[in-house]
Amino acid sequence: TTGVTKRFGGLVAVNDVSLEVEEGEIRGLIGPNGSGKTTFINMLSGIYSPSEGQVIFRGSSISGLKPYAVTARGIARTFQTIRLFPQLTVLENVKVARHCRTASGLLRCIVPNQLTKQEERKTEEKALAMLDLVGLLDEKDNLAKNLAHGQRRLLEIARAMASDPAFLLLDEPGAGMNPSEKDSLVDLIQRINAMDVTVFLIEHDMKVVMPLVDRVTVFNFGKKIAEGTPDEVREDEKVIEAYLGRRDINAQG
């Protein structure tokens with residue numbers, strides 16, 4: 001991003017943020033509640049258009065593109081507040097994400113041909129593989145609304161991964177998870193990263209963020225106040241004073 005700003009009337013939610021994520025890394029984004037983290041991800045994923053500045057992905061501007069077009073470019077995301085299709089099965093929720101990788105339209109679905117059947121088969125194979133990746137394969141025929149909270153978080157990740165992203169945005173994926181589930185989440189994110197997927201992660205739990213990420217960016221009041229390795233950020237006085245507090249950062253690091 002170059003000079004990205006987002007205004008809502010007189011409120012500046014994100015203020016002149018320039019940030020570069022290297023291909024292949026796991027980047028953490030931390031900051032107090034209301035510091036602009038989710039607004040920033042919303043601009044990366046096409047939900048919001050920047051008021052100023054540009055979002056650039058692999059050399060091309062994606063500012064102003066609709067979310068489905070951003071997904072087609074190779075950027076997928078999960079949400080801070082879980083957004084699933086509760087009345088669909090777990091498998092169907094993941095299959096939905098393949099819309100950006102298929103060519104069959106309404107007519108082909110009404111009168112399926114060989115191409116439609118081939119796409120349907122590949123869609124199901126991909127969805128099953130992603131459910132296996134996150135450990136939900138045995139739940140494939142269950143309704144999404146019947147899953148436990150932590151499982152729903154994992155289902156969102158499976159759905160995002162089914163779109164074949166190169167860049168995965170995770171907005172507080174560990175929220176509401178117990179310590180054991182968070183340990184499994186860290187392992188899952190590392191395995192996803194090993195699949196040549198760059199990961200951009202918002203997370204409040206420092207025990208999740210600090211051992212996992214290559215670099216950390218810190219927001220406060222909509223501005224980027226620090227950036228560096230976890231060790232560098234731990235020692236940054238602006239971070240300690242504005243967000244973490246010296247006692248927290250030493251205790252949780």
Side-chain angles (χ1 to χ4, degrees), residues 26-34 37-42 44-45 47 67-68 71 75-101 123-165 167-195 197-213 248 251-252:
I26 302 176
R27 173 70 68 88
L29 177 60
I30 64 174
N33 288 331
K37 304 183 300 297
T38 294
T39 299
F40 186 74
I41 275 191
N42 285 343
L44 299 185
S45 58
I47 291 176
Y68 65 85
T71 303
I75 299 177
R77 69 167 298 176
T78 65
F79 292 87
Q80 183 178 7
T81 302
I82 297 172
R83 298 185 185 181
L84 296 172
F85 301 99
Q87 300 298 333
L88 297 183
T89 68
V90 168
L91 179 60
E92 288 167 341
N93 265 273
V94 181
K95 289 169 70 173
V96 164
R98 295 298 295 173
H99 76 278
C100 62
R101 304 293 174 225
T123 291
E124 179 139 344
E125 289 172 355
K126 181 70 174 185
L128 291 171
M130 293 305 98
L131 288 176
D132 190 32
L133 174 70
V134 304
L136 290 178
L137 190 57
D138 290 343
E139 303 289 342
K140 65 183 178 66
D141 296 321
N142 198 358
L143 293 181
K145 68 177 183 179
N146 294 331
L147 295 181
H149 177 84
Q151 291 176 314
R152 281 182 242 150
R153 291 275 181 202
L154 295 175
L155 180 54
E156 274 209 323
I157 294 175
R159 183 178 62 184
M161 286 296 294
S163 68
D164 290 333
F167 190 32
L168 179 63
L169 309 171
L170 301 175
D171 193 350
E172 296 193 36
M177 287 186 170
N178 62 43
S180 176
E181 289 173 328
K182 287 183 178 181
D183 288 342
S184 297
L185 175 66
V186 168
D187 175 70
L188 173 61
I189 293 172
Q190 290 172 330
R191 286 186 285 120
I192 288 172
N193 184 239
M195 298 165 65
V197 177
T198 304
V199 179
F200 192 81
L201 167 74
I202 293 176
E203 180 57 58
H204 281 294
D205 190 338
M206 295 300 103
K207 292 180 181 179
V208 172
V209 173
M210 293 304 189
L212 179 62
V213 300
D248 285 345
Q252 296 189 47

Hey, is the main chain of [Y] close enough, under 3.5 Å, to the side chain of [X] for a donor-acceptor pair?
X	Y	result
Glu139	Leu136	no
Arg159	Ala97	no
Lys95	Lys126	no

### Message
Run the salt bridge (charged side-chain N to carboxylate O under 4.0 Å, His left out) test against Arg153 and tell me which residues pass, sequence neighbours left out.
### Response
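With neighbours one apart ignored, the set is empty.
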### Query
Is the Phe167 ring parallel, tilted or perpendicular to the Phe200 ring (thresholds 30°, 60°)?
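Ring orientation, 0 to 90° scale: perpendicular.
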Return the [atom1] to [atom2] distance between [X] and [Y], rounded to the nearest 0.5 Å.
X	Y	atom1	atom2	answer
Leu91	Leu155	CG	CG	10.0 Å
Ile189	Ile157	CD1	CD1	6.0 Å
Asp183	Asn178	CG	CG	9.0 Å
Asp171	Ile202	CG	CD1	4.0 Å
His99	Thr71	NE2	OG1	6.0 Å
Met195	Leu133	CE	CG	5.5 Å

If I compare all heavy atoms of [X] with all of [Y], which pair ends up nearest, and what's the gap?
X	Y	value
Glu156	Phe79	OE1-N, 3.2 Å
Ala76	Ala160	CB-O, 3.5 Å
Asp205	Lys207	OD1-N, 2.9 Å

### Query
Could you go step by step and tell me if Ile47 and Arg77 meet the side-chain contact (heavy atoms from CB on, under 4.5 Å) rule?
CA-CA 11 Å; Ile47 291 176; Arg77 69 167 298 176; 3.2 Å; yes
### Query
Can you list the steps and then say if His149 with Glu181 is a side-chain contact (heavy atoms from CB on, under 4.5 Å)?
CA-CA 10 Å; His149 177 84; Glu181 289 173 328; over 6 Å; no
### Message
Using the rule given for side-chain contact (heavy atoms from CB on, under 4.5 Å), can you reason through His204 versus Lys37, listing the C-alpha separation, both sets of side-chain angles and the distance that settles it, and then say yes or no?
### Response
CA-CA 11 Å; His204 281 294; Lys37 304 183 300 297; 3.8 Å; yes
#### Entry: Pro173 and Leu185, any side-chain heavy atoms less than 4.5 Å apart
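In short, these two side chains touch, coming nearer than 4.5 Å.
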#### Entry: Worked verdict on Ile75 versus Leu169 for side-chain contact (heavy atoms from CB on, under 4.5 Å)
CA-CA 7 Å; Ile75 299 177; Leu169 309 171; 3.8 Å; yes
### Query
Quick one: side chain to side chain donor-acceptor pair (under 3.5 Å) pairs with a partner in residues 79-90, sequence neighbours left out?
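For residues 79-90, and leaving out neighbouring residues, the side chain to side chain donor-acceptor pair (under 3.5 Å) pairs sorted by first residue read Thr38-Gln80, Gln80-Glu172, Thr89-Glu92.
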